[in-house]
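Worksheet for the structure shown next.
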Amino acid sequence: MGILHDEDMNMDQAAPRPDIPNDIYEVYQDLISGTVDALPTDDLLQRLVWAREQGRPLRAKLGVDPTAPDIHLGHTVILRKLAQFQKHGHTAVLIIGDYTAKVGDPSGRSKLRPRLSDEEININATTYVEQAAKVLDMERAEVVRNSEWLSPLRMDEVLKLTATTTVARMLERDDFSSRYSKNEPISMLEFMYPLLQGYDSVAVKADVELGGTDQKFNLLMGRPIMEAYGLLPQSILTVPLLVGTDGSMKMSKTYGNYIGVTDTPDDMFGKVMSIPDDLMVTYWTLLTGAGHREVEDIAQRVAAGTYHPAECKRDLAERIVGLYHDSAAASAAREQFDRVFKHRNRPEDIPEAPLPSTCVREGRVWLPRLMVEMKLAASNGEAKRLIQQGGVKLDDAVVRNSDEEIAVDRVLGGVIQVGKRRFLRIIP
RNA sequence: GGGGGGAUGCCCGAGUGGCCAAAGGGAGCAGACUGUAAAUCUGUCGGCGCUGCCUACGGAGGUUCAAAUCCUCCUCCCCCCA
């Protein structure tokens, strides 16, 4: 997967078209802004016209697998796009892929994912919907589970489905062909996924399906399948995969480069601040709901040097935190950040923990043990290393000697700092 | 069904009997610097109160004073032929 660049996205305002009513064209521009592919060309535009003529809203489909309990900003990109359809009066159809999750989607992985139990899926689905509600208007969304129609499928119906495509067509998928050429395994099961996903589109009669760019193949696969079932093939819209805080890989929990929608304001703020500078515009575009014009203006001011990048990033972080918490929390997070990182002071709220008796020996405390006990280090060795590298402070004084035993009364009420951002006050 | 190749630490990947807790890179962590938890540079990176010991190179046995390295069986993956 390549690094995403702003120029990959559809951001240019094309000239208005005389054959299309202006307001519809505006909506269309809005819907394709920030997307990578809108296929077939002009198909969505055409549908918007039909929708007007027939007086019915379009059905915009998004399928999600409830495989992970928490969602992060990477997931919100597509949800924002779906929410945009709602904003323009269309129907958001959110499909919870409970059936597909139960089988265990092996896509893109060398190992099969563990099968999830019904309870896990239910929990994940519930939290997903809860968290998605921060972006999507759930009152007006249609939420369905694909087990509803996939579970009762009979073998002959499955066979009919498999007959709609060919192996050669399957191997066109970049993911499959590259794994195939790299001698990595592809199970037959994986071949079923695009088909089942396409069948979902049949079941909900989708007008347009949204997905990440990695879903392009699957989304397109839905078209011939819909046709085989006598439906008008769906339009597809892809949004870029969000690059994570490391600036190179897609945002994912497994890479640890994610910003969760339930992260605390301070965490969320800090994580946004940790993205590389050249990712800022992308984040403004995909994560803030900022208009096209606003993003352009920001990009220009930063490029011109009239808007300091550090300031721009602070504003970005504050904006994002505000979306998932509130503006008060967002500005507090900003103050906290400046306090801790810009001015190198302690944060306002320092977590507290009692001194465990297991760490005290003859009235003295060996710091590495305490750090392990307090989860500030994974092992004694790591704790000692941190101390030796000058990364540990007790009441703002760098601890130098990792062997020294410290008197209990010096530790009690004291603040242990590990690295730049982990603080802990020890209480009796 | 036949033949061949492969499995190494969080990830990638070197290592074909002792010099191996295992090169190199990436990620992570710490320090310096700064405009931020950006960038860059430096250090560090299995566990143990640690001049030593324990656990680890897919799994189980074996050979040897000594095994990631050799042998046997097993599991999984890939390729070629059919």
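Below, chains carry the letters A, B, ... as their sequence lines are ordered, and counting in each starts from 1.
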How far, in whole Å, is [M] from [N] if one measures between their [atom1] atoms?
| N | M | atom1 | value |
| --- | --- | --- | --- |
| B:A82 | B:C11 | C1' | 38 Å |
| B:U8 | B:U55 | P | 22 Å |
| B:G13 | B:G2 | P | 30 Å |
| B:C10 | B:A56 | C1' | 15 Å |
| B:A14 | B:A7 | P | 9 Å |
| B:G52 | B:C19 | P | 14 Å |
| B:U69 | B:C20 | C1' | 11 Å |
| B:C57 | B:A39 | P | 36 Å |

Please determine, for [N], whether a Watson-Crick or G-U wobble partner exists with both distances under 3.5 Å, and give it or none.
| N | result |
| --- | --- |
| B:A56 | none |
| B:G1 | B:C81 |
| B:C29 | B:G43 |

Among residues at least two apart in sequence or on other chains, which ones pass ring-ring contact (aromatic ring centres under 6.0 Å, His included) with A:H75?
A:H72
Nearest whole angstrom, please: distance from the [atom2] of [N] to the [atom1] of [X].
| X | N | atom1 | atom2 | answer |
| --- | --- | --- | --- | --- |
| A:E382 | B:G47 | CD | P | 7 Å |
| A:M371 | B:A30 | CE | P | 10 Å |
| A:E373 | B:C48 | CD | P | 12 Å |
| A:R422 | B:G28 | CZ | P | 14 Å |
| A:M249 | B:G26 | CE | P | 13 Å |

Applying a 4.0 Å non-hydrogen cut-off, can you work out what A:E404 is touching in the nucleic acid: base, sugar-phosphate, or nothing?
nothing
Just to be sure I understand the rule, does A:R334 reach a base, reach only the sugar-phosphate, or reach nothing, if contact means heavy atoms closer than 4.0 Å?
nothing
Tell me, with the steps shown, if A:R346 and A:D395 meet salt bridge (charged side-chain N to carboxylate O under 4.0 Å, His left out).
CA-CA 10 Å; A:R346 286 186 197 167; A:D395 287 330; 3.7 Å; yes
Both A:D403 and A:G391 contact RNA chain B. Taking the nearest nucleotide for each, which residue is further toward the 5' end?
A:G391
With a 4.0 Å cutoff (strictly under), does any side-chain N or O of A:S379 reach OP1 or OP2 of B:G46?
no
Within-4.5 Å side-chain heavy-atom neighbours: [X] and [Y]:
| X | Y | result |
| --- | --- | --- |
| A:L370 | A:L355 | yes |
| A:K393 | A:V418 | no |
| A:E294 | A:W284 | yes |

Counting heavy atoms not belonging to A:R339, are there more than 12 under 6.0 Å from its CZ?
yes
Side-chain donor/acceptor contact of A:Q389 with base of B:G43 under 3.5 Å
yes
Looking just at side-chain N and O atoms, do A:W366 and A:D403 make a donor-acceptor pair shorter than 3.5 Å?
no
Using 30° and 60° as the class limits, which term best fits the ring planes of A:F337 and A:F269: parallel, tilted or perpendicular?
tilted
Whether each nucleotide of nucleotides 32-42 of chain B has a protein heavy atom under 4.0 Å at its base (B), only at its sugar-phosphate (S) or at neither (-) is summarised, 5' to 3', as --BBBBS----
